[in-house]
Amino acid sequence: MEHIVIIGNGISGVTAARHIRKRSNKRITIISGESDYFFSRTALMYVYMGHMKFEHTQPYENWFWEKNKLELIHGFVNTIDTETKTLHFETGDILNYDKLIIATGSKPNKFGWPGQDLNGVLGMYHKQDLENLEELTSNNKICKRAVIVGGGLIGVELAEMLHSRNIPVTFLVRESSFWNTILPNSDSEMITRHIKNNDIDIRLSSNLKSINSDDKGFVKSVTIEETGEEILCDLVGLTAGVSPNINFIKSSNIEFNKGILVNKYLESNIPDIYAIGDCAEQREPIGHRKSVEAVWYTGRMMGEVVAQTICGKKITYNPGHWFNSAKFFDIEYQTYGWVFSKPKENHAHFHWRHEDNTKCITIEYNSITKEFIGINTFGIRMRHDIFNKWLDEKQDIDYVIHNLKEANFDPEFYRRFENDILTTYNSLAQKS
Amino acid sequence: MDQKLEESMSLVKPEVSDLTWVQKISVLIGITGLFILVLALFNYQFPYKKLVLFTSLGAITLGTVLFSNNLYLNKSKGIKNNGVWFKSISSRGVLGWITGIVLTLFYIILYFFPTFLGQGINGNANTGLIALFDPLSIFLNGNQASQWFVYGALYTLGILIFGYKFILKYRHNRYQQLRTGSVMFFQLSFAFLIPELMSKLNSDTFSLPYYDLKSIWPLNYNNFEKYRIDEFISAGNIGLTLLFFGVISIFIITPILTYKYGKRWYCSWVCGCGALAETVGDSFRQLSDKRQVAWTIERWVIHSVLVFVILMTTAVIYSYLGNDTSKYWVTKEVFLALVGGFLSIIFVLTMIFKRKELGKDALYGSIGYFIIVISLILFHFINTRTSLFLFKPETLRTTYGFIIGSMFSGVIGTGFYPIFGNRVWCRFGCPMAAILGFQQRLFSKFRITTNGGQCISCGNCSTYCEMGIDVRSYAQKGENIVRSSCVGCGICSAVCPRGVLKLENVNVKGRINVQGVLLGDDIDLIDLSKR
Ligand SMILES: Cc1cc2nc3c(=O)[nH]c(=O)nc-3n(C[C@H](O)[C@H](O)[C@H](O)COP(=O)(O)OP(=O)(O)OC[C@H]3O[C@@H](n4cnc5c(N)ncnc54)[C@H](O)[C@@H]3O)c2cc1C
Ligand code: SF4
Ligand code: SF4
């Protein structure tokens, strides 16, 4: 029986395993150095904040794996021998495979800052990070101030987590406004304001110069590059992005750049070795997508695709229209299609914001053809299937604005803003 | 490693669970109010009963209101679940267990030893706690209080004050506010005040059964008892109207409303049990068991209760009907045939049109159906041939009343809130929920729509589903949630951080959308799965 081995029990590895099992009777083994069972990384913050227990982050009950004949190994792979098709574990154990799927995810970026390996400095990615964080910040007497470095989605989650325990947070953001490399300025400004309203001391256009140690090797303070200011703190969270977690393949002959290089079938340069999820890098990026896509659902999608290929139905990774979502404290964010921080050439933005500064939308469209390109929506939930359809149909912005009611996904009885949005749209159209 | 995480979580008590000083004072005020009730329970003789009662209930209300204001009003609007699993009361900690035990004891005393509460028997004056409520009872209905009056008053108060708290907690969410306002209204008027006022109308010459009009058979399992029917009939037109209303409630009104809105119209907007669960029980919703085995047990238990209540009611009605067609056209025989015929029609129609959607549940349904039919036949033969009855209907009824009416809905259903969650009764025991659930599953426009591929499998929805539905298992597959047990509380949708879930009433067609592959995924994959 063909033996499929998957390194990594995250969303991509587990999705691949489930779909291979659906379509075949192959022997499947999933390896993880992190946890016994698959859990949802995106939910780690809710464990810390006391919304859930760790067990609630596991989408499948523990009997699921044996019932579906998915063998699990809790262990860390040190090296791969692609000649003999053998994995060597940290413990010295070995395992042979016929086909190998690498789904090892990401690790937090560290940019060589002085003091980045001190005690009290951590990333926020793995379960072990959460355990360390729990110990270092169990309350605001143990941790009197925390500094978060890097203004992305994980950074703002970490800020919310610490805030839930009344720990004062200083948030160092390199950009002039939160996440404005991705969000248009108007959106970014609203979110920045919301973060401030939640008592986060957000420092814009601020880079980290160094992390300073006390005499026991613990974090004492950080120094800001621009101002030279020193901020006393007991914890430093490094959330300046993530990069593929592929150190262990570097001694093998698998080709890599930032991540493991794969073609559109998710195959690496070595036959029978595939890479999916956060750790894979597309040789030819698809559309406006990055070559390394570190989001949940692309991992899931790649898992589905590679399963088809392995089960004899070779297909390409061909994701549909871009979408994503996040939550900034109390403001939910969804996006469908593309909205760039600055409109692309011949594109323009339409922006509407509610006066309470917790709801807004931004639509990117082609200013010549009026074609709808994408939407960012904050504080108003919208329907994925409707926008997918509109993008397929290449609807124009007029149509989208006039039919926005159809796309609303807020709970029943919520106040609706479509008329308001239409009025704003019409008055802008009249002006121009 | 899992162990280590759990331990570190509980060893060091995170800051979030500490109370502010305003909250501490509020708790003190509330507890003072409760303490007065406890003193009364131990038969401390208060002078000025009216004033004392007013002070006690006032203090409980004030404490809760101040506490809620302080807890929610100076925070931003949004989901307020910080520290739920760190707090002893809401995570089966010591406080949770103590509360559970005290509540359970209270229910046992209430149902089985009301004299401990001060209930005067054989016309004697009340003492203790119940005597304290005499002034209120006399004011409302002219009679002295009973244990049920005290219970009703405290129950209503609980729903009102914790309803207030709930509305503040969800002050960003109109759905939550409206449905909570609705249950508060129905509890105060229909369940509490109207029956009291109805009873005031009664005199020596006029006797009308007074009860909670929105409590429908089979939840109100006494509604077709002989004494009840006699009362209805003797009360003339009003009585007959009420009887008629009781019958159409379950056979006509309920199916129509459930078709349009799902069972939530009752369970989360009207019902008194639901009202208590959603307000007083709100802090315990995360304690429901999400495992698949719990779901299996749930289906067996709740449908057994349904079979039990149908048989019990049939037997009771059967027992007081006559054999003589000239007196009244519905005789014992006709009645059994009617029940059997009605259930058969439903069974056959369901099997013909909805067999596919039922899946595995078709087996459970068939078993239940055949048990009932065989019992009906047994009723008939055993009764006419030997004039013996398998069980005496009265025994059946008292057994049902004891096991289901008291033990299950009261002692276990409410007493165990802090251990098993707030909807144990609704999920495992309520026969009304079983009927509504059947309708919701097969003949309803209601569903929880999943928003394409947006789910990140975080698990908030499943954790906070009080009915123990593993909402995530549907959402992460992009499948809509159509489950008979869903009471439509809307909390899963509220707590979802990615805007994935929406409760809505749309078409019956395409309600269950099993795609196999998520929206936004590879187009080839979607084609593949459709082939
Ligand atoms: C806090 C946080 C919040 C997030 N929120 C969102 C969100 O809201 N939306 C979204 O789209 N994305 C979100 N993401 C990103 C998303 O979680 C990732 O894109 C996704 O988990 C990647 O899945 P994966 O299966 O590729 O890898 P991973 O989930 O990282 O799984 C890889 C596994 O492989 C193990 N492993 C690695 N190397 C080895 C080895 N040599 N031997 C054995 N095991 C090994 C790792 O320990 C890990 O368990 C979030 C990420 C984080 C950290
Ligand atoms: S599925 Fe959602 S709406 Fe239904 S009972 Fe559970 S939490 Fe409430
Ligand atoms: S809460 Fe929302 S995102 Fe999380 S598992 Fe449920 S549906 Fe998915």
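Just so it is clear: chains get the letters A, B, ... in the order the sequence lines come, proteins before strands, and each one is counted from 1. Quick note: numbers below take in every heavy atom, side chains included, and nothing from hydrogens, waters or symmetry partners.
For the 3.5 Å distance criterion, the side chains of N82(B) and S164(A) fail to qualify, holding no donor opposite an acceptor.
Between chain A and the residues E504(B), Q177(B), Q176(B), the largest count of heavy-atom pairs under 4.5 Å involves E504(B). By number of non-hydrogen pairs under 4.5 angstrom with chain B, the leading residue of E332(A), Q334(A), E412(A), E61(A) is E412(A). Interface summary for chain B: among I331(A), D410(A), I167(A), the most heavy-atom pairs under 4.5 angstrom belong to D410(A). The residue among T358(A), T298(A), T137(A), T42(A) with the most heavy atom pairs within less than 4.5 Å of chain B is T42(A). Across Q286(B), K290(B), H172(B), R291(B), the residue that shares the most heavy-atom pairs under 4.5 angstrom with chain A is R291(B). Between chain B and the residues Y333(A), W63(A), W322(A), F39(A), the largest count of heavy-atom pairs under 4.5 Å involves W63(A).
One finds the CG atom of D356(A) at 7.5 Å from the NZ atom of K77(B) (value rounded to the nearest 0.5 Å). If you take OG1 on T449(B) and CZ on R383(A), they are separated by 6.0 Å, rounding to the nearest 0.5 Å. The distance from the NZ atom of K327(A) to the CD1 atom of I456(B) is 10.5 Å, given to the nearest 0.5 Å. Separating the NZ atom in K75(B) from the CG atom in D330(A) is a distance of 11.0 Å, to the nearest 0.5 Å.
Heavy-atom neighbours of R193(A) CZ from other residues, nucleotides or ligands within 6.0 Å: at or below the threshold of 12. At most 12 non-hydrogen atoms from other residues, nucleotides or ligands lie less than 6.0 angstrom from OH of Y261(B).
Summarising the geometry of Q454(B) relative to N324(A), their closest heavy-atom pair is NE2-O, 3.3 Å, with the distance given to 0.1 Å. For the residue pair S325(A) and R498(B), the shortest heavy atom distance occurs at OG-CD, 2.8 Å. For the residue pair S76(B) and N198(A), the shortest heavy atom distance occurs at OG-OD1, 4.1 Å. The minimum heavy-atom distance linking N451(B) with F409(A) is given by the pair CB-CE2, 3.6 Å. Shown here for R381(A) and L501(B), the closest heavy-atom pair between the two residues is NH1-O, 3.7 Å. Contact record, L178(B) with F413(A): CD1-CG, 3.5 Å, taken as the closest heavy-atom pair.
The aromatic rings of W85(B) and H56(A) are tilted relative to each other, their planes meeting at an angle between 30° and 60°.
Only one option out of N460(B), T463(B), V495(B) pairs with Y46(A) in a side-chain contact (heavy atoms from CB on, under 4.5 Å); it is N460(B).
Listed for the R472(B) side chain is a donor-acceptor partner under 3.5 Å among the backbone atoms of Q58(A). When atom types are taken as modelled, the side chain of S40(A) and the backbone of S457(B) share a donor-acceptor pair closer than 3.5 angstrom. Checking side-chain atoms of D385(A) against main-chain N and O of G452(B) turns up no donor-acceptor pair under 3.5 Å.
M45(A) does not touch chain B: none of its heavy atoms, backbone or side chain, sits under 4.5 Å away. Within the 4.5 angstrom heavy-atom criterion, only side-chain atoms of Y60(A), from C-beta onward, approach chain B. Proximity to chain B (any heavy atom under 4.5 Å) is restricted, for Y336(A), to the side chain, taken from C-beta onward. Neither the backbone nor the side chain of S473(B) has a heavy atom closer than 4.5 Å to any heavy atom of chain A. The parts of R415(A) that come within reach of chain B are both its backbone and its side chain, each placing non-hydrogen atoms under 4.5 angstrom from that chain.
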